[in-house]
Amino acid sequence: MPNNRPVRVRFAPSPTGDLHVGNIRTALFDWAYARHTGGTFIFRIEDTDRERVTDEYIAAALDTLRWLGLTWDEGPEVGGLYGPYLQSQRLDIYAEWAQKFLDQGDAYYCYCSAEELEARREAQRAANVAPGYDGKCRSLSEAELADFLSQGRKPVVRMRMPDGETTFTDLIRGEVTFDHNFVPDFVLVRADGSPLYTLAVAVDDVMMKVTHVLRGEDLLSSTPRQIRVYQAMGVALEDYPDFAHLPFVMGQDNAKLSKRNGEVSIAWYRDAGYLPEAICNYLALLGWSPGDDREDVSREEIAQLFTVERVHSSPARFDMKKLEAINGDKIRALDLDDFLNRTLPFLTRSGVIAGTDSEIELVKLALPIIQERIANLAEVPAMLKFLFVSEFSVDPEELPRISDEQSQAVLKSAHQALIGLNEWTHEAIEAALRSALIEGLSLKPRIAFGGVRIAVTGSHISPPLFESMELLGRDKSLARLELAVQS
RNA sequence: GGCCCCGUCGUCUAGCGGCCUAGGACUCUGGCUUCUCAAGCCAGCUACGAGGGUUCGAAUCCCUUCGGGGCUACCA
């Protein structure tokens, strides 16, 4: 049922934890589809389950989406014509519709207790019958009703699922049909009067004039229920949204990515120094491709190129290695000021610098020599630490590498060669050391500079040596060489 | 168990009946470059789950089978 209404796409998470990779991939596709079509991107919070959704998680969700640059046109904090956009603020709307369904006979009160339902489900399972509500309360006698009422039972509102089947066209999977024998009557309103997802999602999509529902594959089999609510609402067929069920993003172990796991939470990636543009780029490639061989795509390009037709139908495994590779590419593409601004929080948080102007100046000078050496921003503090520590010492594990006789000789010679140097530039340092160690002692470069590197930076892995010494300064460099000789 | 979805290199993917002795990217291996580590460059390994059809011709269409996943809540 393709429609020509102005495109309105919603991302509607239920923040029962930090948004994770799978959520964000869905958000990205929703956003991209809206932007690609010039439509409206709606952000809605599905918090009908207030037992599990918290205000902190909601706030974090807004923050995460904004950090990623997935700005919404309607939703929390920006408003819109069809608000409110928190389902917990739309309770009266759902109650009205539920009452209407009751009045129309589409829904009915069900007095079965949780225990009774569970017992009957067990029996169904044992009898190898499709489990699901058996329709007991569809038509209660006066006596039964009076009995339940006298027991003080509070009913749920249950939707009546007529005989037949539901067929709809999924934009990614094609035509899908569900026989109603396998779609039992479902609950719309809890006994305490609060609505369930199945009711709220359908009501909101209709009332917010959503034209395209791009969501996770796990909701595929709940679609007939959603369509049933549309019917009860009296929505015309051409006003149904189009559905597109996105394939899962799975973990390394081939299991569905789950919440409450540090490795899947987007907040974790932010803290680990991943760039939002890298996350978007990588996630865009999970289940979708631009159609050519390009893999380096900006958010704008994703929006420009994204079509549902190019979304895969099969699930994708999340691969940290590739994310990291893309993140490294994006870091290398940063201009100096941008790189500096993004790096500073990591340096101060880790305590490597306090944030003074002179420190920042030095960081700015040092960033170019480490930019192509890191894959995420969290690596920066460890790499630049040697420039800022007040009490310098060589990593104990590295000490054996410079304590043998030959190394000591090299260090002495290096100190000797540098002590009288006129200008302290990396060119001059290199020239002096090459002359003293390579030519003077006939050493291979890697042997000659290895010890000096450890003595000066504290580790056998470091940024380029001569530039590092220039940035460290003459006094500290020489002092560290002396220290290494004594030890 | 039932219903539904899915199945190309280790991973993400290109492919929509002939251009495929299956292309790209990440990973991995080897090499070059080199003051370490990176980055960069070059080369290499490895895939159409299986079996039947349809067709002159199938990764591409159909069937079966096997495998994976989802749903089966007063969660979403």
Side-chain angles (χ1 to χ4, degrees), chain A residues 12-16 46-49 51-53 110 112-114 117-118 121 124-133 154-158 170 172-173 176-179 181-184 186-192 194-198 200-201 215-224 245 247-248 250 252 254-256 282 285-296 312-326 328-329 332 370-375 383 430 433-434 437-438 444-450 452-454 457 459-466 468:
Chain A
S14 178
T16 56
E46 313 235 313
D47 57 345
T48 50
D49 185 358
E51 299 271 307
R52 297 167 62 213
V53 177
C110 170
C112 298
S113 70
L117 290 173
E118 185 48 41
R121 260 196 294 272
Q124 286 169 327
R125 246 186 287 272
N128 223 344
V129 187
Y133 190 67
K154 289 266 184 286
V156 300
V157 176
R158 202 178 275 280
D170 184 280
I172 293 170
R173 288 151 217 284
V176 184
T177 299
F178 288 88
D179 189 315
N181 287 323
F182 309 107
V183 187
F186 55 96
V187 177
L188 295 170
V189 181
R190 294 186 180 86
D192 68 3
S194 64
L196 270 93
Y197 167 79
T198 333
V201 72
R215 53 161 29 161
E217 190 188 348
D218 49 337
L219 270 353
L220 183 62
S221 48
S222 86
T223 308
H245 289 92
F248 283 123
M250 298 190 295
Q252 314 284 350
N254 206 22
K256 188 190 167 194
Y282 175 64
L285 266 20
L286 239 40
W288 175 82
S289 75
D292 49 30
D293 282 343
R294 96 178 90 176
E295 300 221 317
D296 178 9
H312 244 254
S313 50
S314 54
R317 235 94 30 199
F318 184 80
D319 181 12
M320 277 266 263
K321 287 271 180 53
K322 183 144 183 174
L323 202 214
E324 185 135 319
I326 289 176
D329 287 341
R332 269 167 245 128
I370 63 164
Q371 188 161 18
E372 68 178 23
R373 298 181 152 69
I374 56 171
M383 283 212 142
E430 177 168 7
L433 288 180
R434 281 191 185 280
L437 306 179
I438 311 290
K444 287 200 179 298
R446 61 182 306 132
I447 306 289
F449 304 135
V452 179
R453 180 187 310 284
I454 293 171
T457 71
S459 166
H460 75 282
I461 297 173
S462 83
L465 180 60
F466 315 119
S468 295

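All chains are named by letter (A, B, ...) in the order of the sequence lines, taking the proteins before the strands, and each is independently numbered beginning at 1.
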Point to revise | Closest listed nucleotide, where the reference is the side chain of A/Ala191 and the choices are B/rC74, B/rC75, B/rU11 | key: B/rC74

Practice item. Please evaluate the base of B/rG69 for a donor-acceptor partner in the side chain of A/Glu217 within a cut-off of under 3.5 Å? Key: no

Point to revise | A/Phe466 side-chain proximity, nearest of B/rA38, B/rC35, B/rC26 | key: B/rC35

Point to revise | Phosphate OP1/OP2 of B/rA14: any A/Ser289 side-chain N/O under 4.0 Å | key: yes

Practice item. Quote, to the nearest angstrom, the P distance that separates B/rU65 from B/rG1. Key: 14 Å

**Study point:** A/Thr457 side chain vs A/Arg453 backbone, donor-acceptor pair below 3.5 Å
**Key:** yes

Practice item. Can you figure out which of B/rA76, B/rG2, B/rC4 approaches the side chain of A/Phe182 most closely? Key: B/rG2

**Study point:** Euclidean distance for C1', B/rU55 against B/rC63 (whole angstrom)
**Key:** 16 Å

**Study point:** Whole-Å P distance, B/rA22 and B/rA47
**Key:** 10 Å

Revision key, fill the gap. Of the listed B/rC75, B/rA39, B/rU13, the closest approach to the A/His312 side chain comes from B/rU13

Review point. When we call it a touch if two heavy atoms are under 4.0 Å apart, what does A/Gly287 touch: a base, just sugar-phosphate, or nothing?
Key: sugar-phosphate

Check your understanding: Do A/Arg294 side-chain and B/rU13 base share a donor-acceptor contact under 3.5 Å?
Key -> no

Exercise for review: Pick the C1' atom in B/rU13 and in B/rC6, then give their distance to the nearest Å.
Suggested key: 16 Å

Revision key, fill the gap. A/Pro290 meets the side chain to side chain contact (heavy atoms under 4.5 Å, CB included) criterion, sequence neighbours left out, with A/Leu285, A/Trp288, A/Asp292, A/Arg294, A/Val297, A/Leu305

Check your understanding: Is A/Lys321 salt-bridged to A/Glu324, going by a charged N under 4.0 Å from an acidic O?
Key -> no

Practice item. Determine whether any donor atom in the side chain of A/Arg446 lies under 3.5 Å from an acceptor atom in the base of B/rC35, or the reverse, and answer yes or no. Key: no

Check your understanding: Can you tell me how far C1' in B/rC42 sits from the matching atom in B/rU33, rounded to whole Å?
Key -> 11 Å

Study note, to complete from the structure: Winner on side-chain proximity to A/Lys321, out of B/rC35, B/rC26, B/rA76, is B/rC26

Check your understanding: With rounding to whole Å, what would you report as the distance between B/rA58 and B/rG53 at their P atoms?
Key -> 12 Å

**Study point:** Rounded distance in Å between the C1' positions of B/rC19 and B/rA38
**Key:** 40 Å

Exercise for review: Under 4.0 Å between any heavy atoms, over every strand shown, what does A/Leu285 touch: base, sugar-phosphate, or nothing? Just pick one.
Suggested key: sugar-phosphate

**Study point:** A/Gly132 backbone acceptor or donor facing A/Gln124 side chain under 3.5 Å
**Key:** yes

Check your understanding: Using a cut-off of 4.0 Å on non-hydrogen atoms, how would the nucleic acid contact of A/Thr48 be classed: base, sugar-phosphate, or nothing?
Key -> sugar-phosphate

Review point. When the C1' atoms of B/rU60 and B/rG2 are considered, how many whole Å apart are they?
Key: 32 Å

Review point. With distance as the sole criterion, do the side chain of A/Arg173 and the base of B/rC5 form a donor-acceptor contact below 3.5 Å?
Key: no

Review point. Applying a 3.5 Å limit to both distances, which nucleotide forms a Watson-Crick or G-U wobble pair with B/rA22?
Key: none

Practice item. Would you tell me if any nitrogen or oxygen in the side chain of A/Arg317 comes within less than 4.0 Å of OP1 or OP2 on B/rC12? Key: yes

Check your understanding: Checking all strands, does A/Glu46 fall into the base, sugar-phosphate, or nothing category for heavy-atom contacts under 4.0 angstrom?
Key -> sugar-phosphate

Review point. What's the closest nucleotide to the A/Ser221 side chain, out of B/rU27, B/rC35, B/rC71?
Key: B/rC71

Practice item. Indicate, with a heavy-atom threshold strictly under 4.0 Å, whether A/Ala325 touches base, sugar-phosphate, or nothing. Key: sugar-phosphate

